[in-house]
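Working notes for the structure below.
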Amino acid sequence: MTSSHTPSPIENPSTDDEIDLRQVGGALLRHKRLIGAVAGSALVLSTLYAFTRKPVWEGQSQTVLQNTEQTSSGAASLLQSNPGLAGLIGAGGGESQLETEVKILESPSVLKPVFDFVKASKAKTGEDVSEWRYKDWAKDNLTIELAKGTSVLEIAYRDTQEDLILPVIDRISKAYQAYSGRDREQGLTQAIAYLNEQIGLYTTKSVTSLRAAQQYAIEQDLTALEGEGAADDEIKNSLNIEAIRVQAANQIRNLNEQLNQLNQLNDNPETLMYLGRNIPELASQGLPQTLDQIDTQLALLRSKFTDNDDSIRRVLVKRRLLIEVFKRQTYGYLYAKRIAAQARLTAAERPKGVLIKFRELRRAAARDEATLMRLEAERQVLALEKAREQDPWDLISQPTLLDNPVAPRKKRIMALGLLAGLVAGSGAALVVDRRTGLVFSRDELKGLLPCPLLKHLSALAPNSWHDAADLLANGPLSVSSPGPIALVPVGNVPSDQLKRFSSELQQALGSRELLVSNDLRHTSRCATQLLLTAPGVVTRTQLSQFKQKLALQGTPLAGWVLLDPDLELG
């Protein structure tokens, strides 16, 4: 069967963008000595580094940021109702407040004295501290953080000088306790100073607004109304000028109605007497009672005499005179009352807007007075809170030094060094393997050779080649065209393997000539060609050039055979 010299389609092509794990594994195994050397060197260097570093010691302490002693009830109520004052004092809580406290405690404003102490101690030992900076020292040596879900501050300090750990931790704890009292004292002092300033302002403002209300009341005659209190009472209590005006107007209407009724009575003595009795001032003068007596006397005389009798006529005349007097007195009294009511109505009248402005002035005075009283009460509460002693933040654990150094972690450093060495050695092995250009992958060989793979044989089991040679001789190599069969080794195929495979193939071909050569000029007269190669015996460049030569030669290709030393027989 003859195969065309035209390159067949590539089976399972391999590209540079794809990673074949089997190829990677094979490359690592091929360069395991290089990997071992790099990993061993890295392990030695990491071991030397771990055992030559100074040991780093660590001390720890815990502090509660919130005081166990609670704020007094008066101060707590005041701060709850006045968030601005609470912010000035620094009162408050919650996670954000605690996080702010932690940031403050990490700052140089609190820990600068501790940093200076460490620098002085290091300088005594001969260490150069001229380039030290607080930020770098805090970042490398201090760990300050809140325990999750609590207000407990965990402090850890690391240093290579073991005898310096506990003094530094102790100074940090004392600095925090001093800060807690200082913060509270400063906050209360600022709040009291603020309240004193406001009290001074509102004292002046309250007096000014009160004087303005009093002066306006005097100018508008709002304190001289009949039946009203003194000027101070007018300012402190409500002045109901409108009620006085309405009362006077109603009284005038009532008196006018009574005068109208009186004019319509004529000389009806019974109605006049009834009206007079309803006026207490007239009733108290005795005229209604005298008229009652005359009416009684007149009734007795009429029971004995006629109206023409002199005694009856004298009583009637007297009665008429008394009625006229009583009528004149009633008119006079009602007119006098109406004049008095008219006077009150006139006195109660004010220009438009006077009462409204007066109410505004009184309201401003009352508001300023209330504000002043509230400020004075707040100052008194904060003064009492400042006088009350408060314990600093509690230390819930004394500064302690860990029994063993926290660094260097020798095992960890050695493990990381070994891991880094393995990674670096593997990378170097892959680079070296790639630079050799040798092809070890069967799939890559399939893509670079222009003919199909006919047989994949184990290079370590030559006894199994006989059957494969028979199949090749009776199959792809059984061509009817005259000429010998060419066996072309591709790359540096081991000579013993090439010799053994060509012997087996010659036996299978019988009398037909077998030409073994890698010179394509010699094999061009053959009927067909069989390629023989192995992993790692030819480079990609050589395969590319060989493929071009085959295309130029034009001799049919039966296929190729792979002798693989890693292939295991089933």
Side-chain angles (χ1 to χ4, degrees), residues 3-39 422-462 464-465 468-469 471-472 476 487-498 500-502 505 518 520 529-551 557-570:
S3 174
S4 171
H5 68 277
T6 302
S8 63
I10 297 175
E11 300 178 9
N12 298 326
S14 175
T15 64
D16 292 338
D17 294 336
E18 298 178 352
I19 298 177
D20 190 338
L21 296 180
R22 289 177 297 177
Q23 293 187 43
V24 174
L28 296 179
L29 288 176
R30 287 190 293 273
H31 300 281
K32 56 187 176 183
R33 290 184 180 181
L34 174 61
I35 297 175
V38 176
L422 290 173
V423 173
S426 300
L430 294 175
V431 171
V432 171
D433 189 77
R434 185 69 179 178
R435 286 186 175 181
T436 61
L438 295 175
V439 180
F440 291 90
S441 171
R442 182 186 67 175
D443 292 336
E444 192 171 1
L445 287 171
K446 286 182 178 181
L448 295 174
L449 290 175
C451 53
L453 174 63
L454 301 178
K455 195 63 178 176
H456 190 184
L457 300 176
S458 174
L460 302 179
S464 63
W465 295 354
L471 292 174
L472 291 172
L487 178 62
V488 183
V490 182
N492 298 322
V493 180
S495 58
D496 57 336
Q497 297 179 11
L498 176 60
R500 177 66 181 269
F501 184 79
S502 62
L505 186 58
N518 59 1
L520 297 182
Q529 301 177 102
L530 178 65
L531 307 181
L532 180 67
T533 189
V537 299
V538 63
T539 65
R540 296 177 182 85
T541 302
Q542 292 172 343
L543 283 173
S544 178
Q545 294 174 354
F546 181 72
K547 184 177 180 180
Q548 293 176 2
K549 291 179 180 179
L550 288 174
L557 293 173
W560 61 285
V561 177
L562 178 63
L563 299 180
D564 192 350
D566 297 329
L567 180 63
E568 298 180 0
L569 295 177

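Quantities reported herein were computed from a predicted structural model and do not represent experimental measurements. One-based numbering along the sequence shown.
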Closer than 4.0 angstrom, basic N to acidic O: yes or no for Asp433 and Arg30? yes

Would you give the length of the straight line joining atom [atom1] of [X] to atom [atom2] of [Y], rounded to the nearest 0.5 angstrom?
{"X": "Leu487", "Y": "Leu472", "atom1": "CG", "atom2": "CG", "answer": "10.0 Å"}
{"X": "Leu29", "Y": "His31", "atom1": "CG", "atom2": "NE2", "answer": "10.5 Å"}
{"X": "Trp560", "Y": "Leu453", "atom1": "CH2", "atom2": "CG", "answer": "4.5 Å"}
{"X": "Lys446", "Y": "Leu562", "atom1": "NZ", "atom2": "CG", "answer": "9.5 Å"}
{"X": "Gln545", "Y": "Gln542", "atom1": "CD", "atom2": "CD", "answer": "7.5 Å"}

A side-chain contact here means heavy atoms from C-beta on lying under 4.5 Å apart; do [X] and [Y] qualify?
{"X": "Leu543", "Y": "Glu444", "answer": "no"}
{"X": "Leu28", "Y": "Leu430", "answer": "yes"}
{"X": "Phe501", "Y": "Val493", "answer": "no"}
{"X": "Ser426", "Y": "Val38", "answer": "no"}

For [X] versus [Y], what's the shortest heavy-atom pair and its separation?
{"X": "Leu460", "Y": "Pro565", "value": "CD1-O, 3.3 Å"}
{"X": "Val439", "Y": "Thr539", "value": "CG2-C, 4.2 Å"}
{"X": "Trp465", "Y": "Arg500", "value": "CZ3-CG, 3.5 Å"}
{"X": "Leu448", "Y": "Arg540", "value": "CD1-CG, 4.3 Å"}

Does atom CG (Asp564) have a neighbourhood of more than 12 heavy atoms from anything else shown, all under 6.0 Å? yes

Please evaluate residues Leu531 and Phe546 with respect to the criterion side chain to side chain contact (heavy atoms under 4.5 Å, CB included), reporting the C-alpha separation (whole Å), side-chain torsions for both, the decisive distance (0.1 Å), and the verdict. CA-CA 11 Å; Leu531 307 181; Phe546 181 72; 3.8 Å; yes

State which residue, out of Pro450, Pro452, Pro476, fulfils the side-chain contact (heavy atoms from CB on, under 4.5 Å) condition with Leu557. Pro450

Residue among Leu457, Leu563, Asn518 satisfying side-chain contact (heavy atoms from CB on, under 4.5 Å) with Leu532: Leu563

What do the steps show when you test Leu550 against Val488 for side chain to side chain contact (heavy atoms under 4.5 Å, CB included), and what is the final call? CA-CA 11 Å; Leu550 288 174; Val488 183; over 6 Å; no

